Colleague: 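Before I ask anything, let me first share the structure, which is written out below as structure tokens.
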Amino acid sequence: MLIVFPLGLLTVAAIFDIIYISTHKGHLADLSYWMIASGIIGGLIAAVLGLIDWLGIPEGTRAKYIGLIHGLSNIVVVILFIVSWFMRRPNPAAPGMTAMMLGWIGIVIALFAGWLGGELVYRLNVGVDRGANLDAPNSLSGRAAIGGLGRRSTRGVIRTR
């Protein structure tokens with residue numbers, strides 16, 4: 001859940017860079033600079049928790065390999081933004097084209113890494129509670145999700161005749 005913040009911050013920073021190019025309004029580039037700093041911090045925190053999750057995946061599985069590529073891709077993204085951030089430090093309100101391009105490349109790689117993350121959760125069931133179902137109790141209830149395993153829920157299903 002922590003990935004939403006760094007991914008959003010870094011993406012908006014890259015968008016602000018595009019707007020900065022067309023308007024030459026330095027305050028947008030300055031905002032990008034600070035969003036990148038915040039995104040890097042959030043990305044590093046998410047990386048630690050992602051590593052913990054990855055260590056829990058059984059060895060020799062497809063999920064372990066995809067998780068490795070997912071994690072390494074995200075590390076590359078954070079490194080690209082770190083380099084971009086350092087390149088902007090002398091004058092955050094007027095970044096060079098190379099610094100901005102590193103961010104755009106990072107976003108493309110983040111899209112790939114995000115797709116791999118979706119594969120891990122939605123195709124390979126990594127990080128999903130055992131027995132998860134449409135009527136599972138709230139995670140704060142202390143009750144296991146296994147309780148409603150055999151039951152098929154029709155709540156929220158639109159039926160057509």
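The figures that follow rest on heavy atoms only: side chains count, while hydrogens, waters and symmetry mates do not. Predicted, not measured: the structure shown is a model, and the values here were computed from it.
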Colleague: Given M97 and I21, is the side chain to side chain contact (heavy atoms under 4.5 Å, CB included) satisfied, shown in steps?
Modeller: CA-CA 9 Å; M97 186 57 75; I21 288 172; 3.8 Å; yes
Colleague: Kindly write out the residues that satisfy side-chain contact (heavy atoms from CB on, under 4.5 Å) with V108, not counting sequence neighbours, or none if the list is empty.
Modeller: none
Colleague: Under 4.5 Å between side-chain heavy atoms, hopping through other hydrophobics if needed: is there a path connecting L28 to V12?
Modeller: yes
Colleague: Suppose we screen for side-chain contact (heavy atoms from CB on, under 4.5 Å). Which residues come up paired with A93, at least two apart in sequence or across chains?
Modeller: N91
Colleague: Please walk me through it: do V78 and N74 pass side chain to side chain contact (heavy atoms under 4.5 Å, CB included)?
Modeller: CA-CA 6 Å; V78 171; N74 283 318; 5.7 Å; no
Colleague: Sequence neighbours excluded and cut-off under 3.5 Å, please list the side-chain donor-acceptor pairs for residues 80-87, or say none.
Modeller:
{"unit_1": "S84", "atom_1": "OG", "unit_2": "R88", "atom_2": "NE", "d": "2.9"}
{"unit_1": "S84", "atom_1": "OG", "unit_2": "R88", "atom_2": "NH2", "d": "3.4"}
{"unit_1": "S84", "atom_1": "OG", "unit_2": "A99", "atom_2": "O", "d": "2.7"}
{"unit_1": "W85", "atom_1": "NE1", "unit_2": "Y33", "atom_2": "O", "d": "3.3"}

Colleague: If you define the side chain from C-beta out and look only at heavy atoms, does anything of L116 sit under 4.5 Å from L120?
Modeller: no
Colleague: Are F5 and L7 connected, step by step, through hydrophobic side chains (Ile, Leu, Val, Met, Phe, Trp, Tyr) whose heavy atoms are closer than 4.5 Å?
Modeller: no
Colleague: Are any non-hydrogen side-chain atoms of I15 and T11 less than 4.5 angstrom apart?
Modeller: yes
Colleague: Kindly compute the distance separating CD1 (I79) from CG (L102), expressed to the nearest 0.5 Å.
Modeller: 12.0 Å
Colleague: Do Y20 and M101 sit in the same hydrophobic cluster, where Ile, Leu, Val, Met, Phe, Trp and Tyr count as joined when their side-chain heavy atoms come under 4.5 Å apart?
Modeller: yes
Colleague: At what distance, to the nearest 0.5 angstrom, does CD1 of I18 lie from OG1 of T23?
Modeller: 11.5 Å
Colleague: Anything under 3.5 Å between a donor and an acceptor, one on a side chain of residues 35-56, the other on a protein residue two or more places apart or in another chain? List them.
Modeller:
{"unit_1": "S38", "atom_1": "OG", "unit_2": "W34", "atom_2": "O", "d": "3.1"}
{"unit_1": "W54", "atom_1": "NE1", "unit_2": "K64", "atom_2": "O", "d": "2.9"}

Colleague: Which residues pass the side-chain contact (heavy atoms from CB on, under 4.5 Å) test with N125, sequence neighbours left out?
Modeller: V128
Colleague: Can you see which heavy atom on N133 is nearest to which on A145, and at what distance?
Modeller: ND2-O, 2.9 Å
Colleague: State, to 0.1 Å, how close S141 and N138 come at their nearest heavy-atom pair, and which atoms those are.
Modeller: OG-O, 2.7 Å
Colleague: Quick one: which residue pairs count as a ring pair (Phe, Tyr, Trp, His ring centres under 6.0 Å) with a foot in residues 89-144, not counting sequence neighbours?
Modeller: none
Colleague: Between P137 and R143, what is the shortest heavy-atom contact and its length?
Modeller: CB-NH2, 3.0 Å
Colleague: Are L9 and F16 connected in the hydrophobic side-chain network, where two residues link if heavy atoms are under 4.5 Å apart?
Modeller: yes
Colleague: List the atom of L2, the atom of P6, and the distance in Å for their closest heavy-atom pair.
Modeller: O-CD, 2.9 Å
Colleague: Identify the heavy atoms of L124 and A63 that sit nearest to each other, and give their distance.
Modeller: CD1-CA, 3.8 Å
